[in-house]
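So the structure is just underneath, and the comments pick up after that.
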Amino acid sequence: MGLLLHDETPTPKSPKPTVAALRADRPLDFGLAVAGLILAVLILFDLGGPVLAPVTLLGCLVLPGWVLVRRLPDADPVARVVWTVVMSAAVYTLLAVLMAWAHFWHPRPVTAAILIAASALIAVFPPGTGTGRHAIYGHPVSRRALDWRSLRSLAAFRGHSLSTYVPWAILGLAMVVWGVALAMTGEELVGNRGLLTTFPLIWYFAVAAVVALCIWAVAARKMASNGFLAASTTGLVAMLYASAPMVVSVPRLPWSYKHIAVTNYIGATGQVDPSIDIYNRWPGFFSVSAFMGEVVGYRNAVDYAALAEIGFALLDVVIILAIARTLTSNPRIYWTATLVFALTNWVNQNYYSPQAFSYTLYLTMCLIALTFLRSTPVKIATAVEARLKRLQGRFNRGLPAATKTEEVRPSPAMVMPAAAAILLLQTATVASHQLTPYMAILALFPLFVFGYFKPKWLGPALAVMAIAYLLPNLDYVDNKYGLFSGFDIFKNASYTLPEVSNIDDASSWMARTPDALSLFVGLLGLAGFIRNLLRGSVRQTLIVGWLAVAPMFWLLAQSYGGEAKFRVFLFALPWLAVGTAWLFWSGPIRTRKAVMGAVASMTIMAVLFTIVYFQAEAKFRVPKADVVAAQWLDARVGPRDVIFETNAFFPLLIGPNYPSYLEWGRVTSLTKFLQGSSRSLTPEGVERYANNNWKPERIFVVFSDSQLAQAIKDKLFDANMLPALEREIAVGDKSDHVYDNGAVRIYQIKKTG
């Protein structure tokens, strides 16, 4: 299990490079250095704009991280891709937060300076030298066998039979059919089961074909190439996580819009204000989003927020692949773990949010620790391992044991850089999200303290950072939300969000699919842990098993607003996916039973995931007409105005002006107003209710067709009540009809005194 990073033979010092030498000997570095300088000029003078936004974003996320990662030539190629992107994002996050706190908001000059500095460092300092090998769970593996440069060669197909091309042809055809299916879908939902009844039949054929290709690729007697597995897995992730956002023209989930509003506020004002809300107290994600939006030319988060779903999904899948590759050299295991994660991540936390961003940072912390910081644990831990080894020998039943556990010592040269990287990521996480830093502490603190990772002080350091950030905000959090929701694990795990409690008329079996999918992958993961343990991989199983179990301890004290059980599953899922892969492929040979189990299990996962992920679309999607109306209102509302919206999911909080009407109660739902039987359903009644509660300067009433339909479907009030109120407001002289886009009408009530 040792990490082989460098040969003992000393490497001669590299001479200072000339431009010609750099161009000839290090073409990648030369190209990146030149690209960085050009990109810095474009950003500094605000050239290119949205047209070059993808190129600008890619360059910004590659260059700073590459300065560090290029010094790790023996690291896994997949891990290097992850570190390059995530470390760059963490650097920008800290800079953006500091700028927002200091009210010094100059994203473009700062980014240009970073790119120039990164280009200079890439040009001046040569990359690290190594053995040409990297370690996968203690086994030095030839980089040639795993290098992603093998994807480059079309020549690899030469001399192969026609059957070599068939999987690629099916994959390409399935992706084309998928694109046609999305074009046929449109924005209108059909029926009460969301996209399940809206997608055309060919969408299901396309997804089924790619699922089948992925399963075949890992379960076949001769596995498919890394190139095909990478392409088919990417296609599958796109189909599962991009289908919903691609059929609409605005971010689809209602809770995205508050995050968009905070981002737009920071981008417009160049600062954060802790008195506004909790998001301004944890501004990391919002600050870096506003920062990068300014840099790439998209200054309104509505324009790019929908891309977060597929972006985070793809990045997290790559991180899981890299994590699994640190644990095993068996490609069936690490590709199966990746597919299981993609097919079971139903919690839908990839949307534009601090939790999606922080989750990616957490996974990267785990990847760095597993790659560079594994060590031999303390005596009490090794004693427990020895006892488990004896237990394993008793129940082994003749299974060949795994390779004997070796004494592991992290490379001294890599300990401090890896520890510094984890501290950097934890800093960005602490400033971005209230929950994730503590999930990281639950998972990593014991592993550092018991010596499974070194240095031991890093675990307590992660805890100190999170607590130190919480202390200045402690009173605010305690008064607004409460630190603890009760020390009852069963109550915290069973609490149901109000929005989910009256979910529409889906049949009972469909309503239970999230629990079924979670339980299914949990049982498979547990069985995989047991099998891997019985094969003698005690230390490996203990580490992964603890990472899967640790999130459950959050339920001891917090329901997290009813979301704790979902977050527990989300943080346990990567490790349950690894356990599931162990269940099928940890044996010395590929067996028919393992193949049948893997095929059946992943097929079931795909079916359940599709039901869970796309059925809720009918309840939660926000239509474009509502978004446009909300933007119009945000541009005009004042701090003393009151807005009556149709239902809770109308995206009023959307723009930089959102603090003007965020004061508690100044945005209220017409649903709540109508549910009060003593209130008069007239314009005078609306005005009287507003004056009694807030004494507003202006009163706006919003009527949205889509929100009305959802409220009626949820049986929140009689179907005729809201239309009757709108008729009263529209025909009388007590109001002005100030906005109408066909699907949303906004009226301003005239005050009588």
Side-chain angles (χ1 to χ4, degrees), residues 89-90 92-107 110 251 254-294 299-302 304-305 308 351-359 361 426-438 465-483 560-561 563 630-631 634-635 637-641 643 651-667:
Y92 289 121
T93 300
L94 298 184
L95 287 172
V97 169
L98 291 174
M99 289 168 60
W101 278 338
H103 298 185
F104 181 81
W105 191 251
H106 299 286
V110 169
W255 34 83
S256 300
Y257 287 93
K258 176 62 181 298
H259 304 153
I260 289 171
V262 180
T263 302
N264 288 341
Y265 169 78
I266 294 175
T269 63
Q271 64 181 37
V272 294
D273 182 354
S275 67
I276 295 175
D277 54 21
I278 194 170
Y279 293 139
N280 276 262
R281 292 171 178 265
W282 273 266
F285 168 74
F286 309 110
S287 298
V288 74
S289 297
F291 182 101
M292 295 309 301
E294 171 75 19
R299 293 170 175 83
N300 188 343
V302 172
Y304 59 81
Y351 69 96
Y352 184 78
S353 63
Q355 54 263 37
F357 179 69
S358 300
Y359 183 65
L361 299 180
Q426 178 72 339
T427 303
T429 305
V430 162
S432 297
H433 197 224
Q434 300 82 31
L435 171 64
T436 305
Y438 299 96
M465 292 170 66
I467 295 171
Y469 194 92
L470 175 63
L471 286 176
N473 300 288
L474 188 61
D475 290 340
Y476 181 90
V477 173
D478 193 28
N479 294 332
K480 280 275 189 180
Y481 307 98
L483 287 177
Y560 200 66
E563 296 184 34
Q631 289 177 312
D634 178 83
V637 73
R640 296 189 58 194
D641 297 337
I643 301 95
L652 277 176
L653 306 182
I654 193 173
N657 202 28
Y658 88 98
S660 296
Y661 53 103
L662 193 62
E663 183 180 342
W664 179 252
R666 290 192 178 275
V667 175

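Treat the numbers as computed from the prediction; the structure is a model and nothing was measured.
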Nearest-0.5 Å distance that lies between atom [atom1] in [X] and atom [atom2] in [Y]:
X    : Y    : atom1 : atom2 : answer
L653 : N264 : CG    : CG    : 12.0 Å
S358 : Q434 : OG    : CD    : 8.5 Å
Q355 : L435 : CD    : CG    : 9.0 Å

For side-chain contact (heavy atoms from CB on, under 4.5 Å), just list the numbers for T427 and M465, CA-CA rounded to whole Å, side-chain angles, deciding distance to a tenth of an Å, and then say yes or no.
CA-CA 7 Å; T427 303; M465 292 170 66; 2.8 Å; yes
Run the numbers on S432 and F286 for side-chain contact (heavy atoms from CB on, under 4.5 Å), then give the verdict.
CA-CA 8 Å; S432 297; F286 309 110; over 6 Å; no
Testing the basics here: between [X] and [Y], what is the closest heavy-atom pair and its distance to 0.1 Å?
X    : Y    : result
A100 : I266 : CB-CG2, 4.4 Å
A428 : T93  : CB-CG2, 4.1 Å
M99  : P107 : CE-N, 3.6 Å
V272 : H103 : O-NE2, 4.0 Å
I654 : P651 : CB-O, 3.5 Å
A466 : Q426 : CB-NE2, 4.4 Å

Contact check, side chains of [X] and [Y], non-hydrogen atoms, under 4.5 Å:
X    : Y    : answer
L470 : Y438 : yes
D273 : P659 : no
W101 : P283 : yes

Donor-acceptor pair, side chain of [X] and main chain of [Y], under 3.5 angstrom:
X    : Y    : answer
Y265 : I260 : no
N657 : A635 : no
S353 : Y351 : yes

Can you tell me which residue among Y658, Y476, W282 is in a side-chain hydrogen bond (donor to acceptor under 3.5 Å, both in side chains) with D277?
Y658
Parallel, tilted or perpendicular for W105 and F291, by the 30°/60° rule?
perpendicular
So F285 and H433, ring pair (Phe, Tyr, Trp, His ring centres under 6.0 Å) or not? Walk me through it.
CA-CA 8 Å; F285 168 74; H433 197 224; 9.8 Å; no
Verdict with supporting geometry, T436 and L361, side-chain contact (heavy atoms from CB on, under 4.5 Å)
CA-CA 9 Å; T436 305; L361 299 180; over 6 Å; no
Please assess I276 against R281 for the test side-chain contact (heavy atoms from CB on, under 4.5 Å), listing each intermediate value before the final yes or no.
CA-CA 9 Å; I276 295 175; R281 292 171 178 265; over 6 Å; no
Going by atom types alone, do Y352 and T263 pair a side-chain donor with an acceptor below 3.5 Å?
yes
Looking at the rings of Y257 and H259, which for Trp means the six-membered one, are their centres under 6.0 Å apart?
no
